[in-house]
Student: 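One structure, as structure tokens, below. Some questions next.
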Amino acid sequence: MDNRSELREFLASRRANITPTQANLPAYGGNRRVPGLRREEVAMLAGVSVDYYTKLERGNVGVVSDGVLDAVARALHLTDAERDHLFRLAGSSGATRPVRRDPSRNIVRPAVQRVVDAIVDSPAFVRTHTRQLITANALGRAVYSPLYDADPAGTPNTARFLFLNAEARTFFTEWAKNAADMVANLRTELGRDPYDRDLTDLIDDLNRDSVEFRTLWKAHDVRYHDSGIKRVRHPVVGELELTFEAMELPADPGQSLIVYGAEPGSPTADALRLLASWAADPRPNTASNEQPHSAEID
């Protein structure tokens, strides 16, 4: 990744996304030639000269102080993830999350595996920064059975499944939102370590093979993947609305523990209990086997 080019395109995209009204600026004239703010408006809001901001946006300045970057972040109303991304692209140490410097590891330590296996009532996974699911508990494999069925090696990649497998649009009921989040998450990861070969290979493959990925990649959105709601349509138990928490594993750079859950007493909680029984069946766990009656979770 060329940081100068990335910085230029990122700042231009953020500038285009904020209107004078959102920035509390008067919008003079009815014919603005650029979407969003002009460079001179960002410079004024950040308290720097137009010439300096123009050089910054073009990636033509050397060391930029954290104070200037903070002022630009405030002027552009950047989120925490976007602010950190800006600091990393500018080569500042002021990002709140450290750049990953250790090589990625696709091996799960025994202590981590024991934690995953001890979680029996919720789906749990260990995921790499390249979105490989390198281990899961029984319920996790059951919930994501379409991904495991599609991956003979047993280590599915959620990004590849999302963009390159037609079944993803049925399984992920909010496919468009999930796709936008995935691309923003991957761009955030790339900002942390632009020289990670596994990550750049994944992004290159998706850019080559998926029109949707290419379109979303050009938006330069960045986002953290810490918590939220995942909605899926499981082939055995139907609709699931799952909360998720993602916890980075500091001793294993690039790995995160992902735990899904459901509101107590909800249809999803009932469905997870039914799915746990299905997963515990000694017969092969495929959707083509005899399935439980949907009436049991209605």
Side-chain angles (χ1 to χ4, degrees), residues 1-25 34-101 129-131 177 179-196 199-200 203 216-228 244-248 250 253-254 256:
M1 182 175 71
D2 178 358
N3 270 20
R4 288 178 57 181
S5 173
E6 283 290 315
L7 180 60
R8 178 177 66 250
E9 293 174 12
F10 177 66
L11 285 174
S13 70
R14 298 311 92 181
R15 180 164 57 84
N17 282 349
I18 181 170
T19 66
T21 300
Q22 290 171 320
N24 295 317
L25 290 174
V34 296
L37 297 180
R38 301 183 178 102
R39 287 195 185 100
E40 55 265 32
E41 291 169 329
V42 178
M44 180 187 68
L45 290 168
V48 298
S49 71
V50 178
D51 182 60
Y52 185 87
Y53 177 76
T54 300
K55 288 180 179 178
L56 172 63
E57 189 171 297
R58 290 175 177 170
N60 289 336
V61 292
V63 177
V64 185
S65 73
D66 289 355
V68 168
L69 293 175
D70 259 328
V72 170
R74 288 195 300 271
L76 294 173
H77 293 200
L78 300 187
T79 64
D80 289 345
E82 290 170 335
R83 175 193 175 277
D84 281 0
H85 193 62
L86 170 63
F87 272 61
R88 291 191 185 99
L89 292 178
S92 168
S93 61
T96 58
R97 298 186 180 203
V99 174
R100 180 186 299 107
R101 298 193 183 279
H129 65 295
T130 58
R131 277 24 187 195
K177 176 183 181 302
D181 286 344
M182 177 65 75
V183 174
N185 297 156
L186 289 177
R187 189 174 279 283
T188 302
E189 295 287 359
L190 191 63
R192 290 181 175 187
D193 188 353
Y195 306 107
D196 187 298
L199 187 58
T200 55
I203 291 167
L216 290 167
W217 189 253
K218 291 176 183 176
H220 284 266
D221 290 335
V222 291
R223 225 165 280 147
Y224 287 140
H225 185 83
D226 296 330
S227 63
F244 71 84
E245 297 292 329
M247 295 154 277
E248 293 185 359
S256 296

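We count residues from 1, following the sequence as given. The basis for the numbers below is simple: all heavy atoms, side chains too, and nothing from hydrogens, waters or symmetry mates.
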Student: Do you know which two heavy atoms are closest between Leu86 and Leu7, and how far apart they sit?
Tutor: CD1-CD1, 3.6 Å
Student: Donor-acceptor check, side chain of Arg4 to backbone of Gly59, threshold 3.5 angstrom: yes or no?
Tutor: yes
Student: Salt bridge or not between Asp70 and Arg83? Use side-chain N to carboxylate O under 4.0 Å.
Tutor: yes
Student: Distance from Leu25 atom CG to Met44 atom CE, nearest 0.5 Å?
Tutor: 4.5 Å
Student: Can you name the salt bridge (charged side-chain N to carboxylate O under 4.0 Å, His left out) partners of Glu9, sequence neighbours left out?
Tutor: none
Student: Between atom CZ of Arg223 and atom CG of Asp80, what is the distance when rounded to the nearest 0.5 Å?
Tutor: 14.0 Å
Student: Would you please name every residue forming a salt bridge (charged side-chain N to carboxylate O under 4.0 Å, His left out) with Arg131, sequence neighbours left out?
Tutor: Glu189
Student: Are Asn17 and Arg14 close enough that some pair of their side-chain heavy atoms sits under 4.5 Å apart?
Tutor: yes
Student: How far apart are the closest heavy atoms of His77 and Ile18, and which atoms are they?
Tutor: CG-CD1, 3.6 Å
Student: Evaluate the ring planes of Phe10 and His85, with Trp represented by its six-membered ring, and classify them as parallel (under 30°), tilted (30 to 60°) or perpendicular (over 60°).
Tutor: perpendicular
Student: Kindly give the heavy-atom pair with the smallest separation between Tyr53 and Ala43, and that separation in Å.
Tutor: CB-CB, 3.9 Å
Student: What pair of heavy atoms forms the shortest contact from Ala75 to Ala46, and how long is it?
Tutor: CB-N, 4.1 Å
Student: Could you tell me whether Glu41 and Arg15 make a salt bridge, using a distance below 4.0 angstrom between a side-chain N and a carboxylate O?
Tutor: no
Student: Which atoms form the tightest heavy-atom contact between Pro20 and Gly36, and what is the distance?
Tutor: CD-O, 4.2 Å
Student: Would you compute the distance between atom NZ of Lys218 and atom CG of Leu216 and round it to the nearest 0.5 angstrom?
Tutor: 11.0 Å
Student: Please find the pair of heavy atoms, one from Leu199 and one from Asp196, that lie closest to each other, and give the distance.
Tutor: N-OD1, 2.9 Å
Student: Any heavy-atom pair between the side chains of Tyr195 and Asp193 that's under 4.5 Å?
Tutor: yes
Student: What's the separation between atom OG1 in Thr188 and atom CZ in Arg88, rounded to the nearest 0.5 Å?
Tutor: 8.0 Å
Student: To the nearest 0.5 Å, tell me how far Phe244 CZ sits from Asp226 CG.
Tutor: 8.0 Å
Student: For the atom pair CG (Asn185) and CG (Asp221), what is the distance rounded to the nearest 0.5 Å?
Tutor: 10.5 Å
Student: Applying side chain to side chain donor-acceptor pair (under 3.5 Å), name anything that partners Thr130, two or more places apart in sequence or on another chain.
Tutor: Thr128
